[in-house]
Every structure is written in structure tokens, then in C-alpha cells.
Number of protein chains: 2
Amino acid sequence: MDNNSIFIEKLRSSGLRPTKQRLEICKLLFNRKKTFHFTINDISKMLKNKTYKKISLATIYNTVHSFKKKGYLKEISVNSDKSYFDTNTSSHHHFLDVNTNELIDLNNEDVDNIKIKKNLPGKKIKSIEVLVKIENNN
Amino acid sequence: MDNNSIFIEKLRSSGLRPTKQRLEICKLLFNRKKTFHFTINDISKMLKNKTYKKISLATIYNTVHSFKKKGYLKEISVNSDKSYFDTNTSSHHHFLDVNTNELIDLNNEDVDNIKIKKNLPGKKIKSIEVLVKIENNN
DNA sequence: ATATAATTTATAATGATTCTAAAGTAGTGT
DNA sequence: ACACTACTTTAGAATCATTATAAATTATAT
Ligand SMILES: [Mn+2]
Ligand SMILES: [Mn+2]
Ligand SMILES: [Zn+2]
Ligand SMILES: [Zn+2]
């Protein structure tokens, strides 16, 4: 139930000091059975409830960005007004429910492997992201 | 060379009055051999040069949004700070050059047809968008 | 314990987008 | 041509997510 020392080690090994704030955010993001998708606003609200001492919004932004840089989070492309992040850092695709604005993982076996038959000189492929927009029937 | 009357008819038939501003924007967007991708800021700058009388930024936003609603433009998902629009309204996918922030069309023959093997009850697929991020070699 | 660099924080700044409400214009009918 | 009305444009304000700033705090090494 208490992965605290694991998080401390994880942070240290990334060159990040294990501060109270980062540990709180680690627990919120990574202490779960399933990965999930979130916006900064989402976790800001969650942290307001969970933690007895307020974590500043700037720190949440800073932390999420460092976690992304270290590869512990991915940012998902959904052309929205806000950024979406994903604790599932494996290569995978998404449904976007346009009625609820919810992101849902597509496992790799749910999508055919994608071959791109065009390539541009001097450029290489960095990532391939599929976004399947879904909506309510009728 | 002068598609003005065509644009006037196109606008009228969509229930949009053919104003000077909308016609200028039509000419800029649709009077070309190839389709293209743009941000509001892009065409705002272009219009500053092209037109002798300034078109207000609010009008550019209004017009681009009505054109999108009428189906003359598509909005592309690139998780960015700005929205990208596309005068190519056919179903197609994109390269995103992360070094230049440029969007490049992938023709449908450049990407295998994508089958989604998962479906959610009560939901139907609205669109499938593939974004291939590319970057400079080395 | 001290020194140093990293981190957090409140707050301001930025930038894209949307809103507002007043002024201007296009289409319609006279 | 004139007047009426609804639509459109416009400048500027407001909003909202995000980033920057710079001072206070904290973690770590010595
Ligand atoms: Mn949008
Ligand atoms: Mn981003
Ligand atoms: Zn995911
Ligand atoms: Zn395109």
C-alpha cells in the first residue's frame, strides 16, 4: 500500500529531488491499478482534496512537465484547449468521446499495425498516433 | 482567375452573406491549386498584406468557424497551443514535422486502411485521425 | 551546521480564443 | 431611392490555459 520509498528511488534516479509535493503527485498518478488520462485541472482538483497542504498550481505544471520529460507521462494530441496527459507511456492509441471529452485507451491489438508508405527526405518518424473520435448513437 | 461569383454563390447557398471580408478570406483560402494548412495567425498575417482594408481578428475567427461549420474547412488535432485548419476537407491523415510545426498531407494510399476492432456500446465512430510525427534525421 | 543548488510559491505576464455591444451593411419590400 | 430588419463586422474586454518571474523555502553535500 505504501510505495513511497519506490517513488523516492524513482525520483532520485531521475535526478529529481523527492519533495513532499512530487511524492504526493506520484502517489496520485502512479499508485493505481489502471493507468489513466488527465488534465492539469483534473489533478489540481484531486490534489486539493487529497492533501492537507495545498500544492501550488505552478508546481503541478512543473512536476507534470518534468515527469513527461523523464518519460513517466505522455502527452496526447486531442486539439483541445487543454493538454491531456497519460500515465500509460506505452505506444498505444485512443478513442476520444466527443460527448464527454473522455480519452479511452485502444490496446494495440484493437488497431491494425499502421504502415506509412510515404517518407520525406531528411525526416524520420518519431511517433504514430491514432485518434478515433466517437459519439453517442443517434 | 476571378472566382468571385463562384464564391458569392457558394456563400449564398450556405446562408452566408457574401461580404467583402468573407470574399477576401475565400479568395485567400480557396483560390489556389493546392489545399493547405493554416492557423488563424497565419491567415491574419496574410490578409494584412493582401487586403487594402484591415479585416478584424474577430471577423477572421468568425469566418473560419462558419466555414468549418459549413464543411469548407476541417480542424486538425495536433495538441498545440493553436488550432490548425485544413482546406482539404476530404478524409485524410497527416505528418506533423515537429521541427517546423508544419502539417503535411498523407494521401489515403499512403496509409493502410485502419480497422478498429473495439467498439463501445452506445457509441459510434465519428472519425479516425492518424498523426505521424516526424523529425529531422540525427 | 553551512553552503549551494534545486524547488516551491504567489503572482504577473502571455497568448489564443471567445464575448460584448455598438456601428455598419446586405437583402427585402415599398 | 428609401426604410426596415436581420446579419455582420469591429474594437476592445474578458476568459482561460499556460508560462515566466523572482523571492522564499527546502534538500543535499560537505
Ligand atoms: Mn478546437
Ligand atoms: Mn503541448
Ligand atoms: Zn492512453
Ligand atoms: Zn490536410
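To find a chain, count down the sequence lines: A is the first, B the second, and so on, and within it residues start at 1. Just the heavy atoms: all of them, side chains too, but no hydrogens, waters or symmetry mates, feed the values below.
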Between [X] and [Y]: side-chain donor-acceptor atoms closer than 3.5 Å:
X: E24(A); Y: T51(A); value: no
X: N136(A); Y: K123(B); value: yes
X: H92(B); Y: N108(B); value: no

ask   = Within the structure shown, what part of the strands sits under 4.0 Å from T39(B) by heavy-atom distance: base, sugar-phosphate, or nothing?
value =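 Touches nothing.
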task = Have a look at N62(A) and say if it touches a base, only the backbone sugar-phosphate, or nothing, with a 4.0 Å heavy-atom cut-off.
result =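 The residue N62(A) makes base contact.
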task = Could you please spell out the steps behind the side-chain contact (heavy atoms from CB on, under 4.5 Å) verdict for L103(B) and L131(B)?
result = CA-CA 9 Å; L103(B) 277 174; L131(B) 186 66; 4.2 Å; yes
The single option from V111(B), D112(B), V132(B) passing side-chain contact (heavy atoms from CB on, under 4.5 Å) against I114(A) =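 Passing option: V111(B).
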key: Residues touching DNA chain D, which here means a heavy atom under 4.0 Å, drawn from residues 11-18 of chain B   = L16(B), R17(B)
task = Give a yes/no verdict on a cation-pi contact between K118(B) and F95(A), requiring under 6.0 Å between NZ or CZ and the six-membered ring centre and an angle within 45° of the axis.
result = no
Whole-Å distance between [N] [atom2] and [X] [atom1]?
X: E24(B); N: dT9(D); atom1: CD; atom2: P; value: 12 Å
X: L57(B); N: dA11(D); atom1: CG; atom2: P; value: 10 Å
X: I60(A); N: dC16(D); atom1: CD1; atom2: P; value: 18 Å
X: Y61(A); N: dT18(D); atom1: OH; atom2: P; value: 4 Å
X: D42(A); N: dA17(D); atom1: CG; atom2: C1'; value: 13 Å
X: R22(A); N: dT26(D); atom1: CZ; atom2: P; value: 15 Å

Any [X] side-chain N or O less than 4.0 Å from OP1/OP2 of [N]:
X: H65(A); N: dT18(D); answer: no
X: T59(B); N: dT10(D); answer: yes
X: Q21(A); N: dT25(D); answer: no

task = List the atom of K74(A), the atom of S91(A), and the distance in Å for their closest heavy-atom pair.
result = NZ-CA, 4.1 Å
ask   = Of all heavy-atom pairs between F30(A) and Y72(A), which one has the smallest distance, and what is that distance?
value = CE2-O, 3.6 Å
query = Nearest nucleotide by nearest heavy atom, which residue falls closer to the 5' end of DNA chain C, T19(A) or K20(B)?
reply = T19(A)
task = Evaluate whether atom NZ of K124(A) has more than 12 neighbouring non-hydrogen atoms of other residues, nucleotides or ligands under 6.0 angstrom away.
result = yes
request  = For DNA chain C, note the earliest and the latest nucleotide, 5' to 3', having some atom under 4.0 Å of a heavy atom belonging to chain A.
outcome  =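 Range of nucleotides within reach of chain A: dA5(C) to dA10(C).
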